[in-house]
Trainee: 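Pasting in a structure now, in structure tokens, and then I'll have a few things to ask.
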Amino acid sequence: MSYYKMSEEDLRQWVDHLLSKVTVYGVQAKGDRFAFNALNDSSSLRLDYDVTILPPKKYFLPPKETLLSYKGQKYDSVVDEKPFVLFGVHPYDLAAIRQMDKIFSSDNNDIHYMTRRNNATIVALDVQTPSAHNFSGNMNTAVIEGEYDILLTKVDSSYVVDVRTGKGKELIKGMSGLVTAEMALVDSRHKVWEENKSRLRAYPLKPSLSEIPGLLDKSREHPVWAEKAELCFSCGSCVMVCPTCYCFDVQDEAEWDLSSGKRIRSWDGCMLERFALVAGGHNFRKTKEERYRHRYYRKGKYVAEKVGEISCVGCGRCVSACVPGIANPCEVYNRLKED
Amino acid sequence: MDARTMKDIYLPEPATLLEVKPFTEMETYYRIKLDSGRPLGHKPGQFAEISLAGIGEAPISISSSPVKTDHFEMVIRNVGNLTRALRTLKDGDRVGIRGPFGTSFPVNDVMKGKDLLYICGGMGLVPMRSVIQYTLDHRDDYGEITICYGTKSPSERLFTDELENWGKRKDIAFLETVDRGDDSWKGNVGVITKLMPGISIDPHKTVALVCGPPIMYKFVLLELRKMEMSNENIYMSLERHMKCGVGKCGHCQINGLYACQDGPVFKYSEIADVKEAI
Amino acid sequence: MSKPRVAIFDFACCEGCQLQIVNMEEEIIDLLSVVTPVEWREAISDQSTEYDIAIIEGSITRPEDEERLKTIRDRAKVLIALGACATIGGVNKLKNNFGMDDVKSSVYGEARDMPHLSTYPTKAADEIVKVDYKVHGCPIDNREFAYIVKCIATGKEPVIPYYPVCVECKEKENVCRFEYGEICLGPITRAGCDARCPSNGAWCFGCRGFVDDPNMNAGREILEKYGKTVEDLMHRIVLFNTGRKEE
């Protein structure tokens with residue numbers, strides 16, 4: 001573990017240096033919002049972003065990806081082995097990646113996800129500008145311990161560069177004029193972290209995190225599900241922008257020779273009408289209410305039991321993506337706690 | 001961990017259709033062999049994913065006893081894109097197979113030495129046939145065997161040769177019914193639960209195994225309760241869309257359970273409180 | 001198996017969807033490796049009454065169109081409706097909001113009663129005959145057209161999105177038009193276009209028709225939240241979806 005001190009200008013020089021060697025995805029402006037995209041040079045990199053429209057999950061589990069190619073009835077795996085750097089991931093998004101890693105590596109290892117993941121170096125970045133809907137402070141994900149290769153924290157006008165792993169060291173290697181950060185500066189990050197923990201709370205969350213699974217256990221018949229779902233478009237926006245949603249569909253697409261083609265995985269979501277439909281025509285979750293409830297049970301209980309923490313990191317993307325305004329997890333869990 | 005050295009859980013292995021035989025208007029029988037020659041290695045009640053490149057993939061129950069290791073069998077109802085295309089295939093055509101996946105019926109522990117009561121509705125006979133065959137192959141390991149089978153109409157009866165055999169066997173009781181009869185049908189008419197009151201079992205030494213359409217379970221469970229069967233001794237295979245088979249895609253979830261990993265065979269006492277199950 | 005013979009016919013429309021097929025450019029060679037065109041006014045001079053697949057573009061706006069469509073249906077094994085005019089009636093249905101006399105006067109003035117200018121309320125193809133496949137959109141997306149042709153050629157039912165445009169719009173990483181205070185029809189419109197309009201800064205016009213079960217009640221309730229009225233919403237809906245029973 002080593003700590004360096006960089007000015008913002010040093011950081012940009014470092015990014016340009018990386019760009020000469022490897023693909024770097026960083027946050028750039030997209031209209032008046034932000035998105036992760038491939039960088040051409042460091043000048044477009046934004047370290048002051050509030051939240052990206054989509055989480056960086058898209059680099060590990062892309063909206064559409066080829067799993068297999070086929071020729072006749074013979075299949076071959078298609079695995080994306082290109083190394084890349086993900087630069088400037090906020091702690092809550094990193095917490096989500098940690099959860100996805102467990103999902104895709106445990107039980108049955110998914111080589112498509114895991115190859116991308118193993119080939120990625122993640123430079124995390126402590127939040128500088130809170131987004132209007134971020135409640136990661138409630139979810140214990142406003143700051144993160146350890147799960148990164150490198151963590152950048154802006155303290156006053158300089159950055160502490162906390163290099164944690166071998167991959168992180170590799171990334172910083174060859175940079176000339178590196179200045180070791182003095183311990184006082186390294187320690188002063190605690191002030192940033194404490195501040196982020198308290199200010200990244202756009203909405204209050206009344207139940208404690210450990211209370212949520214039990215609360216759900218006794219709330220299956222709670223009126224909140226029907227009330228909220230009444231306004232649901234089943235449009236899937238909440239699941240598409242969610243950093244911890246990973247449900248998928250798989251479809252084949254033929255080339256013009258009709259004998260070769262690809263098997264393609266694409267994002268799917270439990271909020272979509274036909275998600276639980278079987279071939280015979282029976283839909284096991286045919287009402288909006290059942291689907292809406294399922295999503296909150298997945299976040300607060302089912303997936304939570306698999307990954308060992310609530311499967312919501314408080315990024316607030318669902319809150320802003322939902323047109324009818326029914327997707328705020330804090331509101332839902334608070335209602336369960338109140339009644 | 002180096003992902004590249006690991007196997008791709010989505011990669012089907014090549015297999016050949018040794019025999020394709022239409023069964024009814026809707027169902028086709030397939031006898032399949034993996035090209036590698038390895039036995040599929042399934043347990044009774046498990047399923048596999050069958051692929052046709054360009055069309056897609058679907059989870060299908062394995063309907064043969066694991067005792068046969070040189071091939072396995074599937075009976076597939078023509079209800080979707082893949083199954084429609086599979087119906088057009090001929091002997092010798094090739095498909096892709098992934099699996100076997102999921103839980104199985106406890107033929108080697110819980111069921112051993114017990115009386116067995118099979119309740120199969122419609123296509124429910126297909127997964128159940130693997131365990132029925134297995135227990136008939138090891139007949140001495142089990143007590144009394146009663147098989148109840150119900151279909152909508154006589155024309156939807158599957159494995160008719162086998163049904164005839166079961167009917168003749170003295171060492172098992174075979175009861176059949178159809179929802180609606182026709183001129184040729186001489187047997188029982190009515191839903192499957194109408195067969196059940198006539199069956200006498202010792203609930204303390206019986207294991208009931210249930211598989212059928214979604215609507216069937218709660219009515220069968222009512223009858224089993226009347227027979228004083230405890231939830232501990234009831235096993236059922238549940239249908240869901242097990243799209244990936246490996247606990248990732250989310251389609252087959254029953255509350256917190258994955259039908260593809262925690263099922264498709266469940267002990268009823270373990271899902272009695274799982275609201276989405278029945 | 002010999003290649004299926006395909007005939008393309010146009011009814012009331014701008015023929016822009018046929019043009020989308022022409023726009024496949026070099027991929028047309030691939031298309032021809034799978035099907036044989038026997039009638040296609042925009043691209044070849046041949047005509048035929050014998051074909052396996054009929055592709056219908058445009059909506060039905062006159063009694064004589066209806067008869068022609070029925071004849072085509074009888075001759076074809078497979079009938080494909082191409083583009084919004086054929087799949088849902090599309091913009092041609094705007095006139096159904098008015099009396100036919102007003103419509104004729106407004107368009108043709110003095111000449112309105114000439115016999116060849118007869119018109120009746122617009123219908124989509126499936127309001128008259130059975131349609132086997134629909135290629136949605138105004139205009140169609142030629143990648144989706146290619147996909148559907150390949151599916152028909154391999155004997156596969158095409159998997160067309162049943163869910164709203166929002167799914168693809170989110171995948172495109174667009175900001176929701178509602179966040180900019182605009183009414184967008186994305187939440188009630190069938191996806192499959194890759195959210196073409198929102199990705200280019202416009203609201204969704206609904207050209208692929210509604211999803212099977214659009215939540216119109218939610219639509220009405222949330223308008224207030226965005227400072228809009230039911231009239232604002234209807235104004236957008238009528239453009240492509242006049243006369244939908246969900247209104």
Side-chain angles (χ1 to χ4, degrees), chain A residues 67-68 70-79 81 103-119 220 245-255 258-261 263 265 268-270 275-282 284-285 290 294 297-298 301-303 305-306, chain B residues 1-16 35 51-59 77-83 93-96 101 122-123 213-215 238-259 261 273 275-277:
Chain A
L67 293 180
L68 309 170
Y70 65 83
K71 180 99 191 129
Q73 292 298 324
K74 190 185 177 320
Y75 301 83
D76 283 306
S77 295
V78 176
V79 180
E81 295 185 286
I103 296 290
F104 285 99
S105 65
S106 63
D107 298 333
N108 294 293
N109 188 74
D110 183 310
I111 61 165
H112 306 275
Y113 177 100
M114 288 311 295
T115 303
R116 291 195 188 89
R117 183 64 185 88
N118 292 337
N119 284 326
R220 207 183 139 77
C245 273
Y246 58 90
C247 290
F248 58 81
D249 187 28
V250 177
Q251 296 291 341
D252 285 7
E253 276 189 37
E255 300 295 342
L258 306 182
S259 66
S260 63
R263 182 156 290 176
R265 161 155 78 184
D268 203 341
C270 61
F275 185 75
L277 185 74
V278 296
H282 191 90
F284 285 94
R285 239 172 266 115
E290 290 168 298
H294 184 70
Y297 272 73
R298 251 180 94 88
K301 185 171 159 58
Y302 307 153
V303 182
E305 283 165 0
K306 266 178 125 79
Chain B
M1 168 183 44
D2 185 357
R4 277 166 298 177
T5 61
M6 311 211 43
K7 104 176 205 291
D8 186 350
I9 50 177
Y10 307 113
L11 183 68
E13 61 176 286
T16 300
D35 291 355
S51 264
L52 203 51
I55 310 288
E57 193 177 46
R77 175 173 280 188
N78 171 12
V79 283
N81 230 330
L82 178 79
T83 52
D93 281 345
R94 308 196 50 221
V95 294
F101 298 120
M123 283 292 281
I215 183 80
L238 299 183
E239 180 196 16
R240 291 295 186 278
H241 189 186
M242 285 93 81
K243 182 128 200 159
C244 75
V246 288
K248 309 285 189 223
C249 79
H251 286 267
C252 71
Q253 242 189 322
I254 305 172
N255 293 105
L257 301 171
Y258 280 85
Q261 303 261 284
D273 295 328
K275 302 288 184 187
E276 289 181 343

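Letters A, B, ... mirror the listed sequences (proteins, then strands); counts begin at 1.
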Trainee: Relative to chain A, which segment of Tyr258(B) carries a heavy atom at a distance below 4.5 Å: side chain, backbone, both, or neither?
Mentor: side chain
Trainee: Does any heavy atom of chain B fall under 4.5 Å from the side chain of Glu253(A), the backbone, both, or neither of them?
Mentor: neither
Trainee: Judged by modelled atom types alone, do His251(B) and Asp249(A) share a side-chain donor-acceptor pair under 3.5 Å?
Mentor: no
Trainee: Answer with side chain, backbone, both or neither: which region of Ser51(B) has an atom nearer than 4.5 Å to a non-hydrogen atom of chain A?
Mentor: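 Both parts, backbone and side chain.
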Trainee: For Asp252(A), enumerate each residue passing the salt bridge (Lys or Arg N to Asp or Glu O under 4.0 Å) test, keeping only those at least two apart in sequence or located in another chain.
Mentor: Arg263(A)
Trainee: What part of Leu257(B) gets within 4.5 angstrom of chain A, counting heavy atoms only: side chain, backbone, both, or neither?
Mentor: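 For Leu257(B), neither part sits under 4.5 Å from chain A.
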Trainee: Distance only, no hydrogens: is a donor on one side chain within 3.5 Å (strictly under) of an acceptor on the other, for Gln253(B) and His294(A)?
Mentor: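 The criterion, which ignores hydrogens and geometry beyond distance, is satisfied for His294(A) and Gln253(B).
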Trainee: We want to know whether Tyr297(A) and Asn255(B) form a side-chain donor-acceptor pair, criterion being a heavy-atom distance below 3.5 angstrom.
Mentor: no
Trainee: Quick one: what part of Cys244(B) sits under 4.5 Å from any heavy atom of chain A, side chain, backbone, both or neither?
Mentor: side chain
Trainee: Answer with side chain, backbone, both or neither: which region of Leu11(B) has an atom nearer than 4.5 Å to a non-hydrogen atom of chain A?
Mentor: both
Trainee: With a 4.5 angstrom heavy-atom cut-off, is it the side chain or the backbone of Lys248(B) that approaches chain A, or both, or neither?
Mentor: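 For Lys248(B), backbone and side chain are both near chain A.
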Trainee: Does the side chain of Tyr10(B) pick up a donor-acceptor pair with the side chain of Asp110(A) at under 3.5 Å?
Mentor: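 Per modelled atom types, Tyr10(B) and Asp110(A) side chains form a pair under 3.5 Å.
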Trainee: Please give me the minimum heavy-atom distance between Leu52(B) and Gln73(A), naming the atom from each residue.
Mentor: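 Looking at all heavy atoms of both residues, the closest pair is CD1-NE2, 3.6 Å.
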Trainee: So, using salt bridge (Lys or Arg N to Asp or Glu O under 4.0 Å) as the criterion, who are the partners of Glu13(B) when residues are at least two apart?
Mentor: Arg38(B)
Trainee: Relative to chain B, which segment of Leu68(A) carries a heavy atom at a distance below 4.5 Å: side chain, backbone, both, or neither?
Mentor: side chain
